[in-house]
There are 2 protein chains.
Amino acid sequence: MASSNYPKGLAKREEILTAALAIVAERGYNRATIRELAEAAGLSKTGLLHHFGTKEELFAEILRRRDVVDEAQIERATSAGLDPKISDLPRLSSGVPGLVQLYTRFSAEATDPEHTAHDFFRERYERARERSRAVLEKFRAEGRLPASVDPEQAATALVALLDGLQIQWLYDSSIDMAAEVAFFLAQLGLDSPASE
Amino acid sequence: MASSNYPKGLAKREEILTAALAIVAERGYNRATIRELAEAAGLSKTGLLHHFGTKEELFAEILRRRDVVDEAQIERATSAGLDPKISDLPRLSSGVPGLVQLYTRFSAEATDPEHTAHDFFRERYERARERSRAVLEKFRAEGRLPASVDPEQAATALVALLDGLQIQWLYDSSIDMAAEVAFFLAQLGLDSPASE
DNA sequence: GTCTATACAAAGATAGAC
DNA sequence: GTCTATCTTTGTATAGAC
């Protein structure tokens, strides 16, 4: 997907992504046109398109990175002996309103089967469900989750809940996403030990 | 909002909305340009824009109608002595994939505070939460819902769940929205009598 | 490989004639 | 109330300079 691995190209790609993220965060998705993004990164539109073939690819790359950062954070917490604090999920990247908006709008647009990022999101949702299911299954095996709860069904609901909460939060920032996720997990009967 | 109340204008508006809905349902949101919508309704682009100032207003009107139809259906069921079958919610208009896509994409776009339909959705979400809360509260008063469940918190989660499920369903139609909602309600401890 | 300038198609919106 | 014509802005493709 990347057009090159040369040092200069890589550095410029970083610069573009950073600038793009800042634009999206500050002025919103609508104002994030390739002209604006190019200008912010200090090159022409076509210069930007040399590195990222299309606008969609650029945004997909931003979200891909968000996922990498989030997963690394979860990984670190897990290997440190902590339980993955699922109720913290919405706090990970969601502190950045621009990122949440980008994710929400882009995932909605890519709903179109012919959208470039359609497969990206389809697979992403599959992975999200699968990972959530694995965690819930582990909890169930440890006796922390009632056997009556179907991990697969719960995982799908959890992923849906996160998406839906982000939308509502974009319309009303008083929505407490973390509290809602905690509520959901409590309803599942998840025994959460000393969650600070 | 409407440009006129003359019989001819009203009839044309109906025709436009019906045609627009068909286009969206059949060819998706992206292909639903005002040119295409105008063509389908048998007039020019500007002819269409005379009736609906902008594309956004047209779509907002379609969704407004979806809500009216859905609410009427719920109202009818309720006054017939039936409980509002919340788990049937995703089945109401959601049988029509085009409508679900329209709703999902439009609600994501209107996330931008400067979008014409922003206030429409903000208020719509408020109403949705409020109505869900009222129903859950009623159930709790009837002893069908554990007193430990906070109706407000549960209402927000329910609305979020519905939105999130629709997104996932658009990527994978094997997602069973009704089953997921039923699962959620069961986890709340809702005592659902003879749900057929 | 990296980039700029030019050119173009399609979108939504507006002005003014009929 | 409806249309033609025009305007602006979007994203993208092409040609070619360094």
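The chains referred to below are lettered A, B, ... by the order of the sequence lines, with proteins before strands, and numbering in each begins at 1. All heavy atoms count here, side chains included; hydrogens, waters and symmetry mates do not.
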Distance check: side-chain N/O of A:His50 vs OP1/OP2 of C:dT4, anything under 4.0 Å?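 Answer no for this pair, as no side-chain N or O of A:His50 is under 4.0 Å from OP1 or OP2.
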Could you state the atom-to-atom distance from [atom1] of [X] to [atom2] of [N] in whole Å?
{"X": "A:Leu48", "N": "C:dG1", "atom1": "CG", "atom2": "C1'", "value": "16 Å"}
{"X": "A:Leu37", "N": "D:dT12", "atom1": "CG", "atom2": "P", "value": "12 Å"}
{"X": "A:Phe59", "N": "D:dT12", "atom1": "CZ", "atom2": "P", "value": "10 Å"}
{"X": "A:Tyr29", "N": "D:dT10", "atom1": "OH", "atom2": "P", "value": "14 Å"}
{"X": "A:Leu58", "N": "D:dG11", "atom1": "CG", "atom2": "C1'", "value": "13 Å"}
{"X": "A:Arg31", "N": "D:dT9", "atom1": "CZ", "atom2": "P", "value": "14 Å"}
{"X": "A:Leu43", "N": "C:dG1", "atom1": "CG", "atom2": "P", "value": "17 Å"}

Looking only at the aromatic ring of each residue, does the gap between the centers of A:Phe106 and A:His115 stay below 6.0 angstrom?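 When the ring centroids of A:His115 and A:Phe106 are compared, they turn out to be within the sub-6.0 Å range.
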Please report the closest heavy-atom contact between [X] and [Y], naming both atoms and the distance.
{"X": "A:Pro151", "Y": "A:Leu136", "answer": "O-CD1, 3.9 Å"}
{"X": "A:Pro146", "Y": "A:Arg140", "answer": "O-CD, 3.5 Å"}
{"X": "A:Asn5", "Y": "A:Leu10", "answer": "O-CD1, 3.5 Å"}

Please say whether the positively charged group of B:Arg144, taken as NZ for Lys or CZ for Arg, lies over the ring of B:Phe139, i.e. under 6.0 angstrom from the six-membered ring centre and within 45 degrees of the axis.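 Because its charged atom sits under 6.0 Å from the ring centre and within 45° of the axis, B:Arg144 does stack over B:Phe139.
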Let's see if you get this right: which residues in residues 104-116 of chain B place a heavy atom under 4.0 Å from DNA chain D?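 Nothing qualifies; none.
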Distance alone, cut at 3.5 Å: any donor-acceptor contact between the side chains of [X] and [Y]?
{"X": "B:Glu109", "Y": "B:Tyr29", "value": "yes"}
{"X": "B:Asp67", "Y": "B:Tyr103", "value": "no"}
{"X": "A:Asp119", "Y": "B:Tyr171", "value": "no"}

Atom CG of A:Leu161 and atom CE of A:Met177: how far apart are they, to the nearest 0.5 Å?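 Result: 10.5 Å between the selected atoms.
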Point-to-point distance, once rounded to the nearest 0.5 Å, from CD of A:Glu123 to NE2 of A:His118: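 Spacing of CD (A:Glu123) from NE2 (A:His118) equals 10.0 Å.
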How would you label the contact of A:Gly9 with the nucleic acid (heavy atoms, under 4.0 Å): base, sugar-phosphate, or nothing?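 Contact class for A:Gly9: sugar-phosphate only.
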Sugar-phosphate atoms are those with a prime plus P, OP1 and OP2; base atoms are the rest. Using that split, label each nucleotide of nucleotides 5-18 of chain C B, S or - for protein heavy atoms under 4.0 Å, 5' to 3'. BB----BBBBB---
Any chance you could lay out the side chain to side chain contact (heavy atoms under 4.5 Å, CB included) test for A:Asp176 and B:Thr156, step after step, and finish with the verdict? CA-CA 10 Å; A:Asp176 189 339; B:Thr156 301; over 6 Å; no
Axis-to-axis angle across the helix from C:dG1-D:dC18 to C:dC18-D:dG1, five pairs an end, to 10 degrees?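 Overall, the helix from C:dG1-D:dC18 to C:dC18-D:dG1 bends by 0° from one end axis to the other.
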